[in-house]
K.L.:
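One structure, pasted below without further comment.
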Amino acid sequence: MTTPIILCIIAIVAGLAVGYLIIHFAAKSKAEGIIKEAEQEAKVLKEEKLLEAKETLLNMKAEHEKDVQRRTQDLVTNENKLKQRNDEALRRLDEINHQKQAVEKEQKQLETRENDLQRAQLDLENDRQALEKRELELADLDAQARQKLEEISGLSAEEAKNQLIENIKAEAQTQAQAYVNEITDDARLNAAKEAKRIIIQSIQRVATETAVENSVTVFHIDNDEMKGRIIGREGRNIRALEAAAGVEIVVDDTPESIVISGFDPVRREIARLALHQLIADGRIHPARIEEVVAKVKKQVEEEVLETGKRTAIDLGIHGLHPELIRIVGKMKYRSSYGQNLLQHARETANLCSVMAAELGLNAKKAKRAGLLHDIGKVPDEEEELPHALYGAKLAEKYKEKPEIVNAIGAHHEEMEMTSLLAPIVLACDAISGARPGARREIAEAYIKRLHDLEAIASSYEGVTKTFAIQAGRELRVIVAADKVTDEQIEEISNAIALRIQNEMTYPGQVKITVIRETRAVSYAK
């Protein structure tokens, strides 16, 4: 029983001893492996550090070599600069030496010239003294000769001189008078002939068509059905168009045409363009008519400005004030005795240019004065002055030159002529207006009568628009509803009729229609 236990104990002790030995040897082997591994890592690290140290050393060496090379280059550069400066200093020293030698040479030359000049002055002084001596001798001889002549002629020298002057003066006056008479006779013979030549040549070089100005415009339509739409229910469309444009619309049996009647070409043009847009749009009613007429008025104003600019460019006239350009454009829609005013102004400008060139004057200024001479006929407001004086006033207002202003104001001899342009403008205006068929006195008087009718009606308080229609047989007056009552309408109508009877001359009778209307306008949004 005891023996197995002992054996077991011995076996355990032996096992523990063997295990210890195994563990001891295993630990020792592991420790040796770790040491070897550490030695290898230390060797690798040492080699890396050595490589890094070598690389650092090489970099430092390369940088040092670069620094040395750069400093060497700087030394070479500085040495070259020093050498250049030394060469420059040597060159300048040579130049200074050359200049010094040149100055010394010039000083020697100046000394030589100064000596020559002194010798010349001495010679000149000797010559002057000899000349003075000779002049004294000649004066003595002259006095002796004059004394002998006075003894022979019995006259003193002063008396002989005066007598000779009088004889020469009388002869010169006789010859001069004969020469003046000859020039005067020649001028009288040739002046009229030369003036006729210049005028005829100017007229021949500036040829324009005969002006024909109408007081109606025919508007063509595609079909007669459109006439009914233009007239509108109970005529409200045509009345709205007549009231807005200030013209008379005549719709009769003439196929495919409507007549627009009015003395003012601007109003007729506005009515024509408005009709064209209304028919193209298809919407024809009073509100639309007023809208289109207002829009067309702006278009016509733009066209007026464009016409003025185009006219100035065509004639080669530059620097006109914008307001003068607008006035020139308005001439397109005005007439003078049936002659289109813009065409008359252009023709006068060209005539003035040709005539001024023939006379040797400034052709550009003459052309400018000719174009502007009738600007007083298209005023924006009624003016009491004659059109020539009013035109001069406008030209002066818009900074035209004094000779241009005088030529405009004096072209009807209502202002004293102070420049040569004034008679040229006067003559060319007369030439343009006096051509056969250029003007019609009756048309001008008719238009003036219509203007006077509208002016009388416009003078009353509360009147907003006036339109003379039906060739002056009817005057339509539109008054402001907030200023004139229904009871005052008849009083205004009677007062206008009475003034027309007392102040104007006209055939037949004139119907005065005063219109007062109240409108309420709203917008649905």
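Remember, predicted model here, so these are calculated numbers, not experimental data.
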K.L.:
Would you say the rings of H373 and H412 are close, in the sense that their centroids are separated by under 6.0 Å?
P.N.:
no
K.L.:
Between S493 and I489, is there a donor-acceptor pair closer than 3.5 Å when you use the side chain of the first and the backbone of the second?
P.N.:
no
K.L.:
Donor-acceptor check, side chain of R368 to backbone of H318, threshold 3.5 angstrom: yes or no?
P.N.:
yes
K.L.:
Look up atom CD1 in I431 and atom SG in C352, then write down how far apart they are to the nearest 0.5 Å.
P.N.:
8.5 Å
K.L.:
Surrounding CD of E413 (heavy atoms of other residues, nucleotides or ligands, distance under 6.0 Å), is the total greater than 12?
P.N.:
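Incorrect, the count does not exceed 12.
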K.L.:
What verdict does the salt bridge (Lys or Arg N to Asp or Glu O under 4.0 Å) test give for E132 and R128, after you've listed the backbone C-alpha separation in whole Å, the side-chain angles of each residue and the deciding distance to 0.1 Å?
P.N.:
CA-CA 6 Å; E132 288 178 354; R128 188 181 63 79; 2.5 Å; yes
K.L.:
Taking all non-hydrogen atoms of both residues, which atom of S419 and which atom of P423 are closest, and how far apart?
P.N.:
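Shortest heavy-atom contact: O-CD, 3.3 Å.
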K.L.:
Between L498 and N494, is there a side-chain heavy-atom distance shorter than 4.5 Å?
P.N.:
no
K.L.:
Within the 4.5 Å heavy-atom criterion, are I515 and V479 side-chain neighbours or not?
P.N.:
no
K.L.:
Is any side-chain heavy atom of L273 closer than 4.5 Å to one of E269?
P.N.:
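Yes; the side chains approach each other to less than 4.5 Å.
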K.L.:
Using only heavy-atom distances, determine whether the side chains of D374 and H344 contain a donor-acceptor pair under 3.5 Å.
P.N.:
yes
K.L.:
Can you measure from CD1 (I512) to CZ (R499) and round to the nearest 0.5 angstrom?
P.N.:
12.0 Å
K.L.:
Would the number of heavy atoms belonging to other residues, nucleotides or ligands and lying under 6.0 Å from CD of E503 be above 12?
P.N.:
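Enclosed: over 12 neighbouring heavy atoms sit under 6.0 Å from CD of E503.
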K.L.:
With heavy-atom distances below 4.5 Å as the criterion, would you say the side chains of I289 and H285 are in contact?
P.N.:
no
K.L.:
K330 pairs by side chain to side chain contact (heavy atoms under 4.5 Å, CB included) with which of I375, V304, L341?
P.N.:
V304
K.L.:
Assess whether salt bridge (Lys or Arg N to Asp or Glu O under 4.0 Å) is satisfied between E303 and K332, documenting all intermediate values.
P.N.:
CA-CA 10 Å; E303 175 66 22; K332 177 182 178 181; 3.6 Å; yes
K.L.:
Does atom CD (E396) have a neighbourhood of more than 12 heavy atoms from anything else shown, all under 6.0 Å?
P.N.:
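Open: at most 12 neighbouring heavy atoms sit under 6.0 Å from CD of E396.
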K.L.:
Indicate whether any N or O donor in one side chain lies under 3.5 Å from an N or O acceptor in the other, for D429 and T348.
P.N.:
no
K.L.:
Is any side-chain heavy atom of S261 closer than 4.5 Å to a side-chain heavy atom of I469?
P.N.:
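No, their side chains stay 4.5 Å or more apart.
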K.L.:
What heavy-atom pair brings A244 and V293 nearest, and what distance separates the two atoms?
P.N.:
O-CG1, 3.8 Å
K.L.:
T466 and I478: side chain to side chain contact (heavy atoms under 4.5 Å, CB included), yes or no, with the steps?
P.N.:
CA-CA 6 Å; T466 58; I478 299 175; over 6 Å; no
K.L.:
Please report the interatomic distance CD1(I284) to CZ(R236), rounded to the nearest 0.5 Å.
P.N.:
11.5 Å
K.L.:
Shortest non-hydrogen contact from R288 to L278?
P.N.:
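That closest heavy-atom pairing would be CG-CD2, 3.8 Å.
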K.L.:
If you take all heavy atoms of A356 and N362, which pair is closest and at what distance?
P.N.:
CB-O, 4.0 Å
K.L.:
Quick one: closest heavy-atom pair of A369 and V425, and the distance?
P.N.:
CB-CG2, 3.8 Å
K.L.:
Let me confirm one number: the NZ-CD distance from K397 to E323, rounded to the nearest 0.5 Å.
P.N.:
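With rounding to 0.5 Å, NZ (K397) is 7.0 Å from CD (E323).
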K.L.:
Taking all non-hydrogen atoms of both residues, which atom of H411 and which atom of L426 are closest, and how far apart?
P.N.:
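Shortest heavy-atom separation between H411 and L426 comes out as O-CG, 3.6 Å.
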K.L.:
Heavy atoms, side chains only, cut-off 4.5 Å: are T307 and L342 in contact?
P.N.:
yes
K.L.:
Using 0.5 Å steps for rounding, measure from the CG atom of L315 to the NZ atom of K364.
P.N.:
12.5 Å
K.L.:
May I ask you to test the K365-E403 pair for a side-chain heavy-atom distance under 4.5 Å?
P.N.:
yes
K.L.:
Checking N350 side chain against R346 main chain: does a donor-acceptor pair fall under 3.5 Å?
P.N.:
yes
K.L.:
Checking side-chain polar atoms at under 3.5 Å, does Q488 have a donor or acceptor matched by the opposite partner on E461?
P.N.:
no
K.L.:
For a 4.5 angstrom cut-off between non-hydrogen side-chain atoms, does L275 reach I260?
P.N.:
yes
K.L.:
As a quick check of understanding, evaluate side chain to side chain contact (heavy atoms under 4.5 Å, CB included) for Q277 and E291, giving each step before the final call.
P.N.:
CA-CA 11 Å; Q277 292 191 17; E291 179 185 347; over 6 Å; no
K.L.:
Does the distance from a Lys or Arg side-chain N to an Asp or Glu carboxylate O, for E474 and R476, drop under 4.0 Å?
P.N.:
yes
K.L.:
Is there a donor-acceptor pair closer than 3.5 Å between any side-chain N or O of E242 and the backbone N or O of I249?
P.N.:
yes
K.L.:
Quick one: pull up CD in E306 and CD1 in I325 and give me the separation to the nearest 0.5 Å.
P.N.:
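Here the rounded value is 10.5 Å.
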K.L.:
For R267 and F467, what are the C-alpha separation, side-chain angles and deciding distance, and is it a side chain to side chain contact (heavy atoms under 4.5 Å, CB included)?
P.N.:
CA-CA 10 Å; R267 295 181 189 172; F467 304 114; 3.7 Å; yes
K.L.:
Where the side chain of N406 meets the backbone of T418, is there a donor-acceptor pair that is under 3.5 Å apart?
P.N.:
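Yes, the answer is positive, given that a donor and an acceptor are paired below the 3.5 Å cut-off.
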K.L.:
Given side chain to side chain contact (heavy atoms under 4.5 Å, CB included), test I456 with M504 step by step and report yes or no.
P.N.:
CA-CA 10 Å; I456 289 174; M504 295 185 61; 3.7 Å; yes
